[in-house]
Amino acid sequence: MSSETTKRIPMDNQLYIYNTLGRKKELFEPLHAPNAGLYVCGPTVYGDPHLGHARPAITFDILFRYLKHLGYKVRYVRNITDVGHLENDADEGEDKVAKKARLEQLEPMEVVQYYLNRYHRAMDALNVLPPSIEPQASGHIIEQIRLVKEILDKGYAYESNGSIYFDVPKYNRDYPYGILSGRNIDEMLSTTRELDGQEEKRNSVDFALWKKASPEHIMHWPSPWSEGFPGWHLECTAMSKKYLGEVFDIHGGGMDLIFPHHECEIAQAVASEGKQAVRYWMHNNMVTINGQKMGKSLGNFINLEEFFNGTHPLLTQPYAPMTIRFFILQAHYRSTVDFSNEALQASEKGLARLMEAYDNIDRLQPQPGELKKEIGELMTKCYEALNDDLNTPIAISYLFEATRIINSALAGQTNISTQDAEALKKLFDTFLFDLMGIKDEMKDGNASYESFAKAIDMLLDMRQQAKENKDWATSDKIRNELTALGFEIKDTKDGFEWKLNK
RNA sequence: GGUUCCUUGGCCGAGUGGCUAGGCACCGGUCUGCAAAACCGUCUACGGCGGUUCGAAUCCGCCAGGAACCUCCA
């Protein structure tokens with residue numbers, strides 16, 4: 001699909017990733033190099049995307065970008081859940097959407113499309129690359145029904161009143177259930193709460209593969225057992241198998257999906273195929289707010305659009321998409337990251353400093369000479385950081401080291417060679433832009449930027465004239481009014497610099 | 001109650017046995033017409049109590065506090 005796949009995989013670049021199954025870092029060795037398969041649980045599109053959705057999207061975007069950078073031909077599948085979760089729960093927030101669909105006489109698929117579009121728009125703003133395939137659960141009912149049949153044939157499921165349930169205790173006699181989450185079935189049997197509809201199930205730990213639709217249920221399909229809809233966990237197993245094969249490399253998602261979702265996926269795959277489908281399980285941690293998980297059920301989430309506009313009451317200002325992205329990358333993906341205005345502002349300023357340093361590389365006046373060892377090592381260290389389970393905060397810390405080197409040279413305090421300057425530019429191009437996916441929101445895709453920039457330059461040239469005439473009133477007026485408009489004006493040895501703070 | 005995990009300087013956040021990231025804020029200095037920015041410097045932390053060790057933020061135990069999962073959730 002792209003020419004970059006011809007790149008040779010560097011032998012010394014060995015990526016280690018933390019496998020939740022086994023809870024340790026493991027060398028990543030794809031099953032069918034140079035191909036690599038990646039499946040990530042995407043959103044259930046029944047509400048606006050919030051900060052929590054940005055975390056896995058960005059985490060696995062980095063993985064996607066890095067695997068491609070290492071020369072792998074990556075097939076990245078990220079699903080869209082559009083059936084099974086829409087209306088069959090008691091939570092008011094979710095009910096409202098289904099209710100709204102009915103009240104406004106919308107097709108459920110209109111609701112789905114609406115939020116899917118908004119999700120895509122937010123991901124685009126965050127510079128999250130689209131996956132190779134983005135399958136929707138509702139488009140794979142046939143595959144899911146087939147999977148249910150296979151599990152029934154193997155004897156690990158049973159029918160009850162038109163619904164099909166996975167027989168967890170029976171499965172557990174042949175294969176260990178709970179290996180991903182570290183649970184054992186006896187404890188679960190003794191601690192699982194009683195839930196509605198459980199009378200159909202033989203055991204409280206069993207889960208639905210196919211549910212018979214109640215009369216008021218909007219979305220339903222014909223099946224050998226009933227008019228109904230697929231169970232919660234089925235789609236990922238069916239779609240990953242279809243697009244990545246019976247066994248594939250990496251499956252990602254949020255930590256909150258480990259149980260029951262991913263545990264059930266393992267059970268479904270093993271029950272139907274007799275073997276595990278996933279070789280590396282990766283899980284990103286949660287975004288918290290005041291130390292608590294940001295999420296729908298707690299009602300403490302902030303939509304991405306609210307961040308971009310600054311419209312949520314908890315926000316003291318708007319935050320650019322790249323600020324959000326950088327903020328998330330400044331924490332390791334397996335740590336929780338706590339939202340606060342202070343933390344976001346720190347990220348905003350830090351990122352601005354990096355972007356400025358990058359622009360400053362072009363202002364340097366490098367001399368012919370050798371590459372400084374210190375600079376040459378930064379590239380290696382950044383690779384080592386990413387190879388160590390995608391340690392983006394460490395890689396970022398080296399970019400800040402590079403920033404100090406650049407600014408120090410610009411201030412005339414140190415010398416810099418042509419090779420140094422090239423290496424620094426390559427460091428930023430590779431790690432900040434290509435791999436971490438930061439972009440210059442002002443310049444990228446803005447055709448009129450150049451005219452705009454020249455107009456500001458002209459104003460500042462006039463100010464420069466005034467300064468030379470010691471007309472401080474005029475020079476300060478220009479500076480103050482530009483500052484009021486959000487510009488930051490800097491006087492330098494031989495002129496001026498400016499930037500627009502959003 | 002069960003399972004898993006966390007507690008790092010004013011804030012955020014890396015780091016798994018010695019070399020003690022990084023960002024933001026603060027303070028001092030250089031620079032500047034004044035500023036801003038930048039640069040240099042300062043501040044040097046690992047919840048508590050024990051233990052292992054020549055040596056622990058890092059390993060072990062206990063205690064305290066917190067979180068996630070056990071129900072849909074990224």
Side-chain angles (χ1 to χ4, degrees), chain A residues 20 23 40-44 46-47 49-60 81 84-86 88-91 93-94 178 181-184 186-188 190-193 195 205 232 252-261 263 283-288 291-298 301 326-327 330-332 334-351 353-354 356-357 360 385 391-401 403-404 406-414 467 470 472 475-476 479-480 483 488-493 497-499:
Chain A
T20 309
R23 292 170 204 276
V40 175
C41 290
T44 303
Y46 66 145
H50 58 76
L51 188 57
H53 292 102
R55 190 95 196 259
I58 290 171
T59 297
F60 294 105
T81 299
H85 297 168
L86 271 178
N88 61 327
D89 62 79
D91 189 79
E94 301 172 10
S181 56
R183 281 156 218 267
N184 80 62
D186 298 324
E187 277 165 4
M188 288 171 56
S190 62
T191 57
T192 308
R193 297 177 207 167
L195 296 168
V205 292
W232 294 253
M255 276 186 182
D256 51 352
L257 297 179
I258 292 175
F259 192 91
H261 186 56
E263 203 70 78
H283 292 96
N284 63 276
N285 214 319
M286 302 290 105
V287 177
T288 61
Q292 271 203 321
K293 177 179 165 180
M294 189 182 274
K296 273 210 171 282
S297 45
L298 289 164
F301 63 96
F326 190 67
F327 168 69
Q330 273 190 299
H332 188 263
R334 281 191 289 113
S335 302
T336 56
V337 60
D338 198 54
F339 155 81
S340 70
N341 281 287
E342 293 73 18
L344 244 5
Q345 282 157 13
S347 291
E348 183 177 56
K349 287 185 179 173
L351 177 59
R353 204 165 144 236
L354 289 181
E356 215 178 321
N360 285 343
N391 199 328
T392 51
I394 290 291
I396 288 171
S397 78
Y398 293 125
L399 294 178
F400 277 109
E401 275 190 28
T403 294
R404 199 179 306 111
I406 293 163
N407 289 337
S408 179
L410 191 71
Q413 302 198 352
T414 52
K467 278 176 69 180
K470 300 212 187 297
W472 309 128
S475 81
D476 285 356
R479 183 178 67 192
N480 292 344
T483 304
E488 189 174 298
I489 311 303
K490 299 179 212 173
D491 290 342
T492 62
K493 269 206 306 277
E497 290 169 19
W498 62 268
K499 65 174 178 175

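All heavy atoms count here, side chains included; hydrogens, waters and symmetry mates do not. Numbers restart at 1 for each chain; the letters A, B, ... are given by sequence-line order, proteins then strands.
Minimum interatomic distance between A/Phe326 and A/Gly350 (heavy atoms only, all atoms of both residues): CE2-C, 4.2 Å. For the residue pair A/Phe400 and A/Arg353, the shortest heavy atom distance occurs at CD2-NH1, 3.9 Å. The two atoms that bring A/Ala385 and A/Ala395 nearest to each other are CB-N, 3.7 Å, heavy atoms only. Heavy-atom minimum distance, A/Met286 versus A/Arg55: O-NH1, 3.2 Å.
For A/Met286 and B/C69, the CE to P distance is 8 Å, given to the nearest whole Å. In this structure, CG of A/Leu298 is placed 10 Å from C1' of B/C73, rounded to the nearest angstrom. Per the geometry, CZ belonging to A/Arg183 stands 14 Å off P belonging to B/G2, to the nearest Å. We find that CZ of A/Arg55 is positioned 16 Å from C1' of B/C73, with the value rounded to whole Å. The distance from atom CD of A/Glu348 to atom P of B/C12 is 18 Å, rounded to the nearest whole Å. Distance, A/His283 NE2 to B/A67 P: 22 Å, rounded to whole Å. In this structure, NE2 of A/His332 is placed 17 Å from C1' of B/U8, rounded to the nearest angstrom. Regarding A/Asn285, its CG atom lies at a distance of 11 Å from the C1' atom of B/U4, rounded to whole Å.
Within the nucleic acid shown, A/Ser181 comes within 4.0 Å of sugar-phosphate atoms alone, with no base atom in reach, counting heavy atoms only. Using a 4.0 Å heavy-atom cutoff across all strands shown, A/Met255 reaches no nucleic acid atom at all. Within 4.0 Å (heavy atoms only), A/Asp338 reaches sugar-phosphate atoms of the nucleic acid but no base atom. A/Val40 comes within 4.0 angstrom of nothing in the nucleic acid, heavy atoms only. Within the 4.0 angstrom heavy-atom criterion, only backbone atoms of the sugar-phosphate kind lie near A/Gly182; the bases stay farther away. If you check every strand for non-hydrogen atoms under 4.0 Å, A/His50 touches a base.
Atom CD in A/Gln292 sits 12.5 Å away from atom OG1 in A/Thr336 (nearest 0.5 Å). Here NE2 of A/His53 is found 7.0 Å from OG1 of A/Thr44. Values are rounded to the nearest 0.5 Å. Taken to the nearest 0.5 Å, the CG atom of A/Leu51 stands 7.5 Å off from the CG atom of A/Leu344. Note that NZ of A/Lys293 is 12.5 Å distant from CZ of A/Phe301, once rounded to the nearest 0.5 Å. The line from CG of A/Leu410 to CG of A/Asn360 is 5.0 Å long, rounded to the nearest 0.5 Å. Once rounded to the nearest 0.5 Å, the distance linking OG1 of A/Thr81 with OH of A/Tyr46 reads 10.0 Å.
Side-chain to base pairing of A/Arg479 with B/C34: one donor and one acceptor N or O lie within less than 3.5 Å of each other. Side chain A/Asp491 to base B/A35: a donor-acceptor pair is found below 3.5 Å. Within 3.5 Å, no donor on the side chain of A/Asp186 pairs with an acceptor on the base of B/G2, nor the reverse.
One P atom belongs to B/C11, the other to B/G1, and the distance between them is 31 Å to the nearest Å. Taking the C1' atoms as reference points, B/C54 lies 28 Å from B/A14, given to the whole Å. Going from the C1' atom of B/C31 to that of B/C40 covers 11 Å, rounded to whole Å. Separation of the C1' atoms belonging to B/G9 and B/A21 is 14 Å when rounded to the nearest angstrom. Distance noted for atom P between B/G13 and B/C6: 15 Å (whole Å). Separating the C1' atom of B/U44 from that of B/U20 is a span of 8 Å, rounded to the nearest Å. B/C49 and B/G10 have their C1' atoms separated by 27 Å, with the value rounded to a whole Å. Of the C1' atoms belonging to B/G48 and B/A57, the separation is 14 Å, rounded to the nearest Å.
OP1 or OP2 of B/G15 lies within a sub-4.0 Å distance of a side-chain N or O belonging to A/Asn391. Regarding contacts with the backbone of B/A14, a side-chain N or O of A/Ser335 is found under 4.0 angstrom from either OP1 or OP2. Put simply, A/Thr288 has no side-chain N or O that comes within less than 4.0 Å of OP1 or OP2 on B/A67. Under 4.0 angstrom from either OP1 or OP2 of B/A74 there lies no side-chain N or O belonging to A/Asn284. Contact annotation: A/Lys293 side-chain N/O to B/A74 OP1/OP2 distance is not under 4.0 Å.
For A/Trp232, counting side-chain heavy atoms from C-beta on, the closest listed nucleotide (B/A68, B/G33, B/C72) is B/C72. For A/Asp476, the side-chain atoms get nearest to B/G33 when compared with the rest of B/C72, B/A74, B/G33. The side chain of A/Ala411 lies closest to B/A38, out of B/C5, B/A38, B/C73.
When the nearest nucleotides of RNA chain B are assigned to A/Asn407 and A/Leu257 by heavy-atom distance, the more 5′-ward of the two goes with A/Asn407. Comparing A/Lys470 and A/Thr403 by the nucleotide of RNA chain B whose heavy atom lies nearest to each, the residue mapping closer to the 5' end is A/Lys470.
Base-pair partner of B/C26: not found among the strands shown (Watson-Crick or G-U wobble, both distances under 3.5 Å). Base-pair partner of B/G65: B/C6 (Watson-Crick or G-U wobble, both distances under 3.5 Å). Both distances falling under 3.5 Å, in either a Watson-Crick or a G-U wobble arrangement, occur for no nucleotide opposite B/U58.
Looking only at distances, no side-chain donor or acceptor of A/Arg183 sits under 3.5 Å from a matching main-chain atom of A/Gly178.
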- Query: Going 5' to 3' along nucleotides 18-30 of chain B, which nucleotides have protein heavy atoms under 4.0 Å from the base (write B), which only from the sugar-phosphate (write S), and which from neither (write -)?
  - Reply: ---BSSSS-----

